[in-house]
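Worksheet for the structure shown next.
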Amino acid sequence: MSELSRRGVFLDEIGLGPLWLRRDGGLPEAEPIDADATPQQAFAPAIEIPVAESPVEAEAVVQAQSVPLNNAAVSAWGDDDAPVTSPVTTTTVLPAAMDWRQLQKAVAGCTACGLCRGRKNTVFGVGDNKAKWLFIGEGPGRNEDIQGEPFVGPAGKLLDNILLAMGLKRGENAYIANIVKCRPTDGTGRDRPPAADEVAACLPYLQRQIELIQPTILVALGKTAALSLLGLDPATPVSKLRGTVHRYADRPLVVTYHPAYLLRQLADKGKVWSDLCLAMSTYANVDR
Ligand code: URA
């Protein structure tokens with residue numbers, strides 16, 4: 001099959017050959033993330049989140065203190081009469097030391113930045129915990145906030161089609177996550193890219209997800225994902241990052257346009273196809 005017809009098959013597969021139109025004839029509802037949306041590149045030291053109450057979790061303890069239960073009552077009763085109480089151990093575990101359960105719990109209760117105030121749900125990520133492919137977007141939008149799952153809106157439908165065309169499937173050898181776990185909105189309630197401090201607060205969770213998953217390859221979907229992971233100048237456009245195999249945490253990382261951008265800029269679908277070809281050939285050549 002020629003390159004041209006393979007490309008045609010791919011574009012048909014992902015639902016972009018020739019055009020995705022709504023039944024009313026309009027373009028699909030675009031999500032407010034564009035290829036050159038506000039970049040983020042801040043990296044903060046890992047945050048500390050109290051999560052552990054049981055001795056089992058003490059293995060992952062970074063910092064722990066023992067506090068006797070009801071101190072005041074104990075001293076008032078005097079030593080002899082004091083009831084035997086077991087100490088309550090407050091354990092603080094850094095994301096970098098968390099297992100999956102701890103990480104999910106920490107994200108679900110996270111208040112590390114202001115995004116927690118507006119969220120309906122945190123959006124942890126979805127897929128195969130041992131996936132070889134990790135796709136990383138920007139942050140939840142309205143649909144994701146409601147459902148608690150990444151990429152469930154129109155851009156998500158396109159991403160699912162892209163995965164299928166690559167021989168992948170949500171939940172099978174692919175994991176989908178975002179740079180931030182809570183939906184960023186502006187003053188009028190519209191989606192916006194996450195701010196630098198929000199990225200910095202959230203990134204330790206994604207970093208831990210990557211360590212736990214151990215993916216073979218990462219695909220950064222759009223500018224926020226690419227710049228946040230690569231720590232590049234906020235002015236860097238996605239176009240400059242495409243076509244190169246970058247490295248993140250000693251793994252190959254390929255940058256492509258965000259599916260929401262692609263829905264608005266159908267002319268760039270061929271570029272996404274070539275980015276994914278680069279990702280697939282890189283994956284095929286990784287020593288495993
Ligand atoms: N856009 C993203 O970057 N992530 C989502 O989960 C949904 C839309």
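Indexing begins at 1, ligand by ligand and atom by atom, following the structure's order. These values consider heavy atoms only, across backbone and side chains, with no hydrogens, waters or symmetry-generated copies. This chain uses plain numbering: 1 for the first residue, then up along the sequence. These figures come from a predicted structure and were not determined experimentally.
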>> For the CG atom of Leu221 and the CG atom of Leu262, what is their distance to the nearest 0.5 Å?
In response: 10.5 Å
>> Closer than 4.0 Å to some heavy atom of Glu138 - which atoms of ligand 1 meet that?
In response: 2 (C), 3 (O)
>> Side chain or backbone, does His258 bring an N or O within less than 3.5 Å of an N or O on ligand 1?
In response: yes
> With the threshold set at 4.0 Å, does a side-chain nitrogen-carboxylate oxygen contact exist between Arg192 and Asp186?
Replying inline: no
>> Side chain or backbone, does Ala155 bring an N or O within less than 3.5 Å of an N or O on ligand 1?
In response: no
> Gly137 to ligand 1: N or O pair under 3.5 Å?
Replying inline: no
> Should the pair Trp100 and Tyr175 be assigned to parallel (<30°), tilted (30 to 60°) or perpendicular (>60°) ring geometry?
Replying inline: tilted
> Which ligand 1 atoms, with their elements, are less than 4.0 angstrom from a heavy-atom of Pro150?
Replying inline: 6 (O)
> Just which atoms of ligand 1 are under 4.0 Å from any heavy atom in Gly139?
Replying inline: 1 (N), 2 (C), 3 (O), 4 (N), 5 (C), 6 (O), 7 (C), 8 (C)
>> Evaluate Asp191 against Arg183 for salt bridge (Lys or Arg N to Asp or Glu O under 4.0 Å), listing each step before the verdict.
In response: CA-CA 7 Å; Asp191 293 342; Arg183 179 190 180 200; 2.5 Å; yes
> Around atom CZ of Arg142, are there more than 12 heavy atoms of other residues, nucleotides or ligands at under 6.0 Å?
Replying inline: no
